[in-house]
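Each residue takes its place number in the sequence, starting with 1. Keep in mind the model is a prediction, meaning the values are calculated, not measured.
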Amino acid sequence: MSQFQFHSMVSEVTRMDGEIKKGPKMRWQRKAEEAGLSYLQVAPETRGPLSPWKPRSAKTPAGITPKTPLSPSKALSFPAASKTPGKTQPPGKHPSKTPNKTPGKQPQPKQDRFIPNRATTDIDMSHYAVMNDKNDENTPPPKTGYHQQLNEALSKGQNPQNAKVLSFKDKAPESTAGHLNNLKVLYSSSKSAVPKCSTTRFIPQQPDRILDAPELLDDYYLNLLDWSSNHLAVALGGAVYMWNASDGTIVQLMEMTSTDDYVSCVSWIKEGNILAVGTNMGNTQLWDAEKQKLVRTMTGHSARVGSLAWNTFVVSSGARSGMIRHHDVRVAEHHVGTLSNHTQEVCGLSWSPDGRYLASGGNDNLLNIWDNNISHESLPLHTFTHHQAAVKALSWCPWQPDLLASGGGTADRHIRFWNVSTGSCYNSVDTNSQVCSILWSKEHKELISGHGYSQNQLTIWKYPTMTRVAELTGHTARVLCLTLSPDGTTVASAAADETIRLWKCFDAKPTTAITKPTKDPSSFSQMRGGIR
């Protein structure tokens with residue numbers, strides 16, 4: 001019998017969450033006995049362990065004089081059996097409880113430890129991860145391609161060695177196959193994660209000049225700005241204007257006859273004063289800038305012409321229908337070839353400096369590389385599907401003719417570099433914002449890119465490390481187009497805030513003073529009096 005009593009005493013002492021039946025009384029029990037009060041004995045299951053249960057009848061128990069004496073008229077009595085002061089309940093009825101502040105909301109159970117959730121834990125995956133040591137010497141080296149396909153088939157692409165063994169809460173529902181969140185950019189970091197490199201030359205952070213550009217169409221798929229030997233051409237609504245960089249004068253070159261029509265793209269010939277103008281009606285017009293005269297109109301497209309590119313005397317035009325047509329401007333029968341590999345609008349078009357390759361980007365997220373064979377039956381040399389959004393920004397490297405840089409839209413935000421000779425991708429950089437345009441520098445091994453949400457900045461990158469050299473801010477809306485001056489020192493940016501800013505960011509001569517931007521009195525708005 002003694003051994004059973006000893007066993008019960010040991011069990012009682014070692015039980016930390018139970019009530020102590022033998023031993024000295026609690027302090028609150030001794031105080032109550034000294035004051036001559038009686039406390040309620042409650043069953044252990046109705047109160048927490050090791051915690052005194054006090055009646056909720058009143059803040060001051062009956063029989064204890066409060067610290068501040070009350071007047072006889074204000075003296076209150078607190079019955080021991082009542083939970084609400086001043087109220088008595090009829091016999092046989094229980095006092096009502098105070099309703100919850102939020103009806104229908106159940107209180108969450110409080111837990112003092114993490115308890116795994118079996119419903120959300122992959123038992124088989126956890127067992128395999130625990131029982132198989134990844135550092136086992138007898139395990140043969142894995143084959144990357146085979147093991148990746150095996151993981152995708154058996155474990156939903158998850159590496160068993162990196163899988164979590166326990167799960168403590170419900171997981172978010174998985175998205176459907178092929179789902180792409182277009183609003184993901186809204187919750188991403190506005191600052192680029194690419195490190196910023198140190199530069200030895202001075203880059204002005206303010207534009208050298210600001211031009212007003214009213215009625216500039218806020219359309220990502222259009223190319224409304226281009227710079228020739230001495231004139232900067234810009235399409236504003238249904239008209240085309242030329243700004244002379246030498247004297248600052250502005251000339252209106254042409255204007256559409258109907259108010260519903262508009263100019264969708266402009267492009268200068270490499271050598272000469274001929275400007276190609278694409279319209280929303282599917283026509284491509286050639287204008288003599290010196291004589292301000294229409295030379296000819298070339299038809300053939302069934303939708304608007306959003307991109308143009310010159311290769312000596314051949315101008316290529318890309319339309320919303322996805323067709324690319326080659327026009328030889330020297331002959332009467334101008335149509336000499338058609339390319340049809342895009343299913344949506346062609347928004348980017350560029351010939352390589354040596355004239356061997358043509359790059360075309362479309363709203364179907366495709367980037368096609370064509371050779372200079374402009375026959376009707378030609379097929380693309382390469383078709384790249386890496387971009388996850390429209391490919392508008394295209395630029396060829398001036399010192400390496402087979403190197404192409406391309407930029408994707410809001411859902412992609414990447415700048416990718418391609419070797420068109422081998423069809424391989426050199427590098428890829430996430431810019432954290434929409435890429436609208438890319439230009440290579442002729443003075444330095446750098447490139448500049450124009451972006452949209454959220455900073456609407458111009459970023460200068462060092463090639464090939466792709467570290468940020470500088471960020472030029474000032475536009476209040478997304479940058480739509482970039483063009484480089486003929487001397488390669490100044491970049492003109494047209495944005496949706498209806499301004500054109502000139503940045504001297506590639507100047508070979510270092511400067512020490514920062515000049516403030518000046519509002520050019522000869523802005524395009526003076527030619528459009530009464531519009532703004």
Side-chain angles (χ1 to χ4, degrees), residues 199 201-213 216 223-236 240-251 253 265-276 289-290 308-310 350-353 393-399 405 436-451 457-461 463 469-475 479-495 499-511 514-520 522-524:
T199 178
R201 62 187 180 90
F202 174 74
I203 300 177
Q205 297 296 313
Q206 300 295 332
D208 182 67
R209 183 169 295 183
I210 302 177
L211 303 177
D212 194 11
L216 183 70
N223 298 270
L224 307 176
L225 190 68
D226 198 14
W227 205 332
S228 73
S229 58
N230 200 32
H231 292 85
L232 178 66
V234 58
L236 303 179
V240 176
Y241 294 88
M242 296 185 302
W243 176 73
N244 194 323
S246 301
D247 53 12
T249 58
I250 295 177
V251 177
L253 179 62
C265 63
V266 293
S267 179
W268 288 100
I269 194 173
K270 300 303 178 182
E271 297 180 359
N273 294 324
I274 301 298
L275 178 67
E290 184 178 358
L308 292 169
W310 285 89
S350 179
W351 280 95
S352 61
L394 298 174
S395 183
W396 293 89
C397 180
W399 63 83
C436 303
S437 184
I438 299 175
L439 291 176
W440 289 89
S441 172
K442 298 179 181 179
E443 300 289 337
H444 311 275
K445 283 196 173 183
E446 297 172 352
L447 65 154
I448 185 171
S449 56
H451 300 274
Q457 82 281 11
L458 280 75
T459 304
I460 301 177
W461 307 85
Y463 185 82
V469 178
E471 286 190 351
L472 309 178
T473 57
H475 284 293
V479 179
L480 297 174
C481 306
L482 295 180
T483 184
L484 188 65
S485 61
D487 59 357
T489 61
T490 305
V491 174
S493 60
T499 61
I500 299 176
R501 299 172 186 259
L502 306 181
W503 312 82
K504 282 196 172 183
C505 52
F506 295 134
D507 193 1
K509 298 180 181 180
T511 57
I514 301 177
T515 58
K516 296 183 179 180
T518 57
K519 192 77 173 181
D520 190 2
S522 58
S523 297
F524 294 106

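- Asp212 CG to Ile500 CD1: the interatomic distance, rounded to the nearest 0.5 Å, is 9.0 Å.
- Between Glu271 and Ile269, every side-chain heavy-atom pair lies at or beyond the 4.5 Å cut-off.
- Atom CG of Leu308 is separated from atom SG of Cys265 by 3.5 Å, given to the nearest 0.5 angstrom.
- Once rounded to the nearest 0.5 Å, the distance linking CD of Gln206 with NZ of Lys504 reads 15.0 Å.
- Asn230 pairs by the side chain to side chain donor-acceptor pair (under 3.5 Å) definition with Asn244, Ser246, not counting sequence neighbours.
- Here the side chains of Val491 and Ser485 are not in contact, with every heavy-atom distance at 4.5 Å or above.
- Within the 4.5 Å cutoff, the side chain of Thr249 has no heavy atoms near those of the Met242 side chain.
- When all heavy atoms of Ile203 and Ala470 are compared, the pair lying nearest together is CD1-CB, 4.1 Å.
- With hydrogens and angles left out, the side-chain atoms of His451 and Ser449 include a donor and acceptor closer than 3.5 Å.
- Between Val234 and the choices Ile250, Leu216, Thr483, the side-chain contact (heavy atoms from CB on, under 4.5 Å) rule is met once, by Leu216.
- Between Arg201 and Glu446, at least one side-chain N (NZ, or NE/NH1/NH2) sits under 4.0 Å from a carboxylate O, which counts as a salt bridge.
- With a 4.5 Å cut-off on side-chain heavy atoms, Glu443 and Ser441 count as touching.
- Remark: Trp268 pairs with no residue by the side chain to side chain donor-acceptor pair (under 3.5 Å) rule, at least two apart or across chains.
- Remark: side-chain polar atoms of Ser437 are not paired, donor with acceptor, to backbone N or O of Cys481 under 3.5 angstrom.
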Discussion item. Pair Leu275, Ser267 - check side chain to side chain contact (heavy atoms under 4.5 Å, CB included), show working.
Written reply: CA-CA 6 Å; Leu275 178 67; Ser267 179; 5.6 Å; no
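- Counting only distance, with no hydrogens or angles, the side chain of Arg501 and the backbone of Gly474 share a donor-acceptor pair below 3.5 Å.
- Proximity of Leu458 to Leu482: side-chain heavy atoms (C-beta onward) are separated by under 4.5 Å at one or more points.
- The OG1 atom of Thr490 lies 6.5 Å from the CG atom of Asp208; values are rounded to the nearest 0.5 Å.
- In this structure, Lys445 and Trp399 have side chains that are in contact, with non-hydrogen atoms separated by less than 4.5 Å.
- Smallest separation of non-hydrogen atoms from Gln457 and Val479: O-CG2, 4.3 Å.
- With sequence neighbours left out, the side-chain contact (heavy atoms from CB on, under 4.5 Å) criterion links Leu447 to Phe417, Ile438, Trp440, Trp461, Tyr463, Met466.
- Donor-acceptor pairing under 3.5 Å is recorded for the side chains of Trp503 and Ser493.
- Minimum heavy-atom separation, Cys505 to Ile448: SG-CD1, 4.1 Å.
- At a threshold of 4.5 Å between non-hydrogen side-chain atoms, the residues Val266 and Leu224 do not count as touching.
- Taking 4.5 Å as the limit, some side-chain heavy atom of Leu502 sits within range of a side-chain heavy atom of Trp243.
- Heavy-atom minimum distance, Pro353 versus Trp396: CD-CB, 3.5 Å.
- One finds the NZ atom of Lys442 at 5.5 Å from the CG atom of Leu484 (value rounded to the nearest 0.5 Å).
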